[in-house]
Amino acid sequence: MYEFQVSFKLKSGKSYIFDSVIEYDGIRLKTENGKICGELVVVVDRPDFNLAREEAIRKIETLTLLLTPVFEDGFAVEDVKVTLPPRIIDKGREKVIEIYEHIEIRAVAPLNIYVKYNIEKLAEAILELKQLEEKLQGSKQGKALLRAIKWWRKGFFEEDKVDKFLDCYIAFEMLASILGYTKCKESEEKCKAECAWAKRFAEDYSITFRVGEMSLVDIRGKITHAPGPEKDEAEKLAAQHADRFCMELLNAIKKIVAL
């Protein structure tokens with residue numbers, strides 16, 4: 001068995017200050033220059049950096065999704081460093097030292113508002129993380145909810161406002177489906193085009209449904225299907241509303257995971 005040492009940094013929408021190092025699911029978290037950094041050990045059966053990186057990313061990715069409703073922010077992996085400590089092999093009269101190169105991936109993200117977490121708040125966050133993970137593991141919709149958060153996160157970090165809107169709309173649809181809103185009422189079954197599932201979901205979770213003269217559904221539909229002036233107007237409204245839509249969805253996610 002080979003133990004790989006993995007360190008990583010997360011990009012997010014804010015900057016953080018932790019008063020102490022915390023540990024969750026074998027991952028030690030701290031902050032450096034406003035960024036959340038972590039360390040963990042990955043054990044694999046061969047000296048394969050790619051295999052170790054895949055296993056590390058799997059654990060880190062799950063953590064980033066769980067952090068979203070807990071810290072009310074979007075998180076993604078910014079860089080990962082995977083190293084395999086030298087191994088000393090005793091061959092009787094001689095000792096062989098195996099040394100391996102490390103692999104690293106990097107990305108860059110801006111930082112803005114600093115959020116400070118003291119020891120008490122960190123303890124509360126860890127408890128909430130554990131409770132959330134247990135809740136999702138015990139739910140049939142747990143994987144679907146994490147996938148919806150992943151789409152929300154994609155939109156959160158997207159710089160193009162129209163693409164941000166479209167990514168968030170996918171999360172919007174997935175969240176509505178998880179809660180059963182996309183199953184039309186009997187009175188709506190005859191004409192699926194008039195099914196008001198999106199309006200009901202938006203109203204119940206305080207999500208702005210109409211932007212100017214269009215609904216969220218209209219905007220998405222015209223961007224993806226309508227040519228000419230209608231598409232141009234939809235893209236304009238999507239760009240204007242994308243940031244607000246993203247944050248309203250985050251509040252909806254928080255409410256849903258609290259159910």
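On a predicted model such as this, the values are computed, not experimentally measured, just so you know.
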Under 3.5 Å donor-acceptor pairs involving side-chain atoms of residues 168-178, not counting sequence neighbours:
none

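Sorted by first then second residue, the side chain to side chain donor-acceptor pair (under 3.5 Å) pairs that include residues 250-259, not counting sequence neighbours, are Glu72-Lys254. Every pair passing side chain to side chain donor-acceptor pair (under 3.5 Å) that includes a residue from residues 228-245 is listed here, sequence neighbours excluded: Lys161-Asp243, Thr208-Arg244, Arg244-Glu248.
Across all their heavy atoms, Leu29 and Gly38 have their closest contact at CD2-CA, 4.0 Å.
Taking a 6.0 Å sphere around NZ of Lys135, one finds it holds more than 12 heavy atoms contributed by other residues, nucleotides or ligands. Counting heavy atoms of neighbouring residues, nucleotides and ligands inside a 6.0 Å radius, atom CD of Gln137 exceeds 12 of them.
Phe165 pairs by the ring pair (Phe, Tyr, Trp, His ring centres under 6.0 Å) definition with Phe245, not counting sequence neighbours. Among residues two or more places apart in sequence or in another chain, the side chain to side chain donor-acceptor pair (under 3.5 Å) test is passed with Tyr205 by none. Partners of Glu54 by side-chain contact (heavy atoms from CB on, under 4.5 Å), not counting sequence neighbours, listed by chain and number: Leu51. The side chain to side chain donor-acceptor pair (under 3.5 Å) test applied to Glu32 returns Lys30, not counting sequence neighbours. Residues satisfying the side-chain contact (heavy atoms from CB on, under 4.5 Å) test with Lys143, not counting sequence neighbours, are none. Residues satisfying the side-chain contact (heavy atoms from CB on, under 4.5 Å) criterion with Ser139, sequence neighbours excluded, are Gln141. Here Glu61 pairs with Thr64, Leu65, Lys150, Arg153 under the side-chain contact (heavy atoms from CB on, under 4.5 Å) rule; sequence neighbours left out. For Asp204, the side chain to side chain donor-acceptor pair (under 3.5 Å) partners at least two apart in sequence or on another chain are Tyr181. By the side chain to side chain donor-acceptor pair (under 3.5 Å) test, Ser215 pairs with Asp218, sequence neighbours left out.
Salt-bridge formation is detected for the pair Asp167/Lys154: a Lys NZ or Arg NE/NH1/NH2 atom is positioned less than 4.0 Å from an Asp or Glu carboxylate oxygen. Using a 4.0 Å cut-off between charged nitrogen and carboxylate oxygen, Glu203 and Lys199 count as a salt-bridge pair.
With rounding to the nearest 0.5 angstrom, the CD1 atom of Ile149 is 5.0 Å from the CD1 atom of Ile253. How far CZ of Phe8 is from NZ of Lys59: 10.0 Å, rounded to the nearest 0.5 Å.
Aromatic ring centres of Phe201 and Trp197 lie farther apart than the 6.0 Å criterion allows.
Distance alone, capped at 3.5 Å, is enough to place a donor-acceptor pair between the Thr62 side chain and the Arg58 backbone.
With 3.5 Å as the limit, one finds no donor-acceptor pair spanning the side chains of Tyr2 and Asp48.
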